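Step one of this worksheet: look at the structure below.
Note that the coordinates shown come from a computational prediction; the quantities given were computed from them, not determined experimentally.
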Amino acid sequence: MKIVLIGHGMVGHKFLESLAETGLSHVDVTVLCEEPRAAYDRVHLSEFFSGKTAEDLSLVEPGFFDRTGFSLRLGTRAASIDRRTCTVTTVSGEVFPYDKLVLATGSNPFVPQVPGRDRDHCFVYRTIEDLEAMQASGTKSKTGVVVGGGLLGLECAKALRDMGLETHVVEFAPRLMAVQVDEGGGRVLKAKIEELGVQVHTGRNTQEITDGARARHRMKFADDSYLETDMIVFSAGIRPRDELARQCVLAIGPRGGVAIDSACRTSDHNVYAIGECASWNEQTFGLVAPGYDMARVAARHIAGEVDAAFVGADMSTKLKLMGVDVASIGDAHGKTPHSRSCQYVDERRQVYKKIVISEDGKQLLGAVLIGDATEYGTLLQMALNGITLPEDPEFLIFPSSDGKAKPGLGVEALPDTAQICSCNNVTKGGICEAVGNGACTIAEMKACTKAGATCGGCVPLVTQVMKAEMARRGMAVNNHICEHFAYSRQEIYHLVRVGQIKSFDDLLAKHGKGLGCDICKPVAASVFASCWNEFVLKKELASLQDSNDYYLGNIQKDGSYSVVPRMPGGEVTPDGLIAVGQVAKKYGLYTKVTGGARVDMFGA
């Protein structure tokens with residue numbers, strides 16, 4: 001059987017891995033990849049600006065193509081498909097015959113049709129080549145604008161900030177992450193992002209990009225305001241790459257994308273489509289987990305598993321954008337008829353939480369978490385598995401009161417079919433089976449099941465399931481904070497409290513060993529502060545603090561610090577404001593007013 005795969009991104013490579021796992025023999029696989037390098041991790045693309053190389057981001061294990069016998073053709077772009085002769089022709093004129101064809105062409109960045117969008121120093125945020133061009137431009141720029149305030153747009157904003165640029169985000173919608181986050185969550189998210197040094201402009205419709213007076217570009221908005229910048233990056237969404245399907249007259253979904261059935265077959269059953277280029281039930285998916293599911297289904301179906309089926313995907317997401325926890329589950333906007341919601345807002349800590357529940361209060365339909373996503377694992381499993389909510393579901397997100405324990409969900413309550421890792425389709429039963437086979441650390445669990453090996457968002461829940469199963473089997477469960485203390489954090493707190501211990505040396509002498517490390521020292525410092533409320537920078541305590549606490553600042557990628565003097569509620573005396581200005585001037589610091597109405601000083 002001859003199989004041709006067009007596209008070698010994350011989903012395309014997952015198809016190859018899944019095909020190899022089926023053990024299908026006598027198969028000739030050719031991969032046409034238009035990029036100059038093999039599949040790499042687009043989920044963590046922004047880490048390229050933090051020092052990771054293209055090799056670090058690669059998803060291809062050394063020797064994969066030699067071991068499988070699959071043929072990878074880099075820099076080879078498919079130009080047309082002839083379904084009558086079952087051939088694919090490349091732009092160079094090469095012709096590849098197939099018995100089964102798999103389209104994994106992904107998507108293109110959407111660039112608004114704005115005059116001036118094709119000027120120099122205007123980019124899209126999609127490939128490593130795009131990032132290299134942005135880096136080159138960044139060395140000649142002082143300011144950068146990201147057009148688009150969605151998931152990818154905020155990741156891109158982080159990249160510009162890491163490059164040392166004054167960073168702005170321009171979003172057409174009235175809030176950031178409009179698809180995943182409601183109005184209240186968007187308000188808190190905007191404040192947190194601005195506090196990190198990124199200026200956010202929502203509800204702005206860019207009409208034209210022209211020459212700037214003080215920078216390369218001037219972005220003119222529909223309300224007659226404008227913004228000048230040296231560099232512009234478009235990250236305003238994606239559009240399925242379905243041009244090959246249109247060329248060979250395959251059925252197309254109403255919103256674009258190649259129409260597929262539950263086996264990921266197109267209108268031509270010898271042609272499959274997976275990932276962002278596919279349209280299932282008139283819906284396209286921009287996340288990696290649904291694409292991975294499609295890849296597994298297509299591989300198994302080609303290998304002869306006629307029951308393999310794609311049944312849709314949970315679009316819940318949890319990520320850390322510029323250090324800010326953001327999570328969205330199910331019906332986050334409460335669109336289900338007669339649904340009800342409970343909200344918790346703490347504007348001082350900039351935390352927003354909302355759950356959407358059914359009319360009878362028994363089922364969780366959706367949730368939004370901004371600033372603190374601690375409850376994500378519990379809420380997600382409750383929503384996915386239809387677990388009945390506790391009597392007072394609001395306390396799932398509200399702080400506990402009157403000494404009442406906060407309701408939670410023990411992993412023991414989850415069925416074995418509960419999906420723990422959506423990226424790699426790993427269930428609770430699969431993790432428990434891996435424990436039975438000897439996997440007792442997260443590293444071993446990732447190696448044998450791949451749970452937590454892609455985006456990493458499920459690692460805390462994977463750890464809970466693993467340790468619960470180890471305890472059930474009578475195996476030793478290690479909760480030690482580090483090699484110097486054979487205790488958990490909670491146990492150390494009790495030892496300090498009961499033993500009236502007030503120094504790290506005494507704690508180490510009585511209950512630890514060695515010299516301590518950068519894990520146990522900050523833990524001890526936090527416990528001492530909680531128990532005895534002493535000045536954290538007194539001589540015997542200062543050395544225990546991590547860098548940020550010791551210098552009362554936030555360490556940046558380049559080793560400098562940003563310092564935010566305390567101004568409760570934004571209130572400051574004239575003398576205080578003058579003092580801040582004098583310090584900034586003396587040390588040449590860049591300053592800006594944060595979303596919390598304080599002054600942030602960069603470059604210390």
I'd like to know whether Met294 forms a side chain to side chain contact (heavy atoms under 4.5 Å, CB included) with Lys14, so could you lay out the CA-CA distance, the side-chain angles of the two residues, the decisive distance to 0.1 Å, and finally the verdict. CA-CA 9 Å; Met294 292 180 189; Lys14 175 59 69 174; over 6 Å; no
CD1 on Ile3 to NZ on Lys100, rounded to 0.5 Å: 9.0 Å
Review item, side-chain donor-acceptor pairs of residues 273-285, under 3.5 Å, at least two apart:
{"from": "Glu276", "atom 1": "OE1", "to": "Ser107", "atom 2": "OG", "distance (Å)": "2.7"}
{"from": "Glu276", "atom 1": "OE1", "to": "Arg126", "atom 2": "NH2", "distance (Å)": "2.6"}

Is the count of non-hydrogen atoms from other residues, nucleotides or ligands lying under 6.0 Å from Phe172 atom CZ greater than 12? no
What I want to find out is whether Glu305 reaches Arg296 closely enough, with some N-O distance under 4.0 Å, to be called a salt bridge. no
Sidechain N-carboxylate O distance under 4.0 Å for Glu35, Arg42: yes
Distance-only, no hydrogens or angles: does the Thr266 side chain make a donor-acceptor pair with backbone N or O of Ile260 under 3.5 Å? no
Is it true that Asp242 and Arg246 make a salt bridge, defined as a side-chain N closer than 4.0 Å to a carboxylate O? yes
Salt bridge (charged side-chain N to carboxylate O under 4.0 Å, His left out) with Glu469: which residues, sequence neighbours excluded? Arg472, Arg473
Which of these, Asp372, Val188, Ile370, sits in a side-chain contact (heavy atoms from CB on, under 4.5 Å) with Val351? Asp372
Are any side-chain N or O atoms of Thr463 and backbone N or O atoms of Leu461, one a donor and one an acceptor, separated by less than 3.5 Å? no
So, the side chain of Thr317 versus the backbone of Ala327: is there a donor-acceptor pair under 3.5 Å, distance only? no
Cation-pi check, Arg265 onto Tyr272 ring (under 6.0 Å, within 45° of axis): no
Taking Asp268 first and then Arg83, would you say they form a salt bridge - that is, a charged N and a carboxylate O separated by under 4.0 Å? yes
Students often mix this up, so state it plainly: with edges at 30° and 60°, are the rings of Phe64 and Phe70 parallel, tilted or perpendicular? perpendicular
Any donor-acceptor N/O pair, Tyr40 side chain to Ile128 backbone, under 3.5 Å: yes
Cationic N near anionic O, under 4.0 Å, Glu243 to Arg241: yes
Give the minimum heavy-atom separation between Lys428 and Ile420, together with the two atoms involved. N-CG1, 3.5 Å
Within the distance-only criterion (no hydrogens, no angle test), does the side chain of Thr202 pair as donor or acceptor with the backbone N or O of Glu171 below 3.5 angstrom? no
Who passes side-chain hydrogen bond (donor to acceptor under 3.5 Å, both in side chains) against Arg37, sequence neighbours left out? Glu129
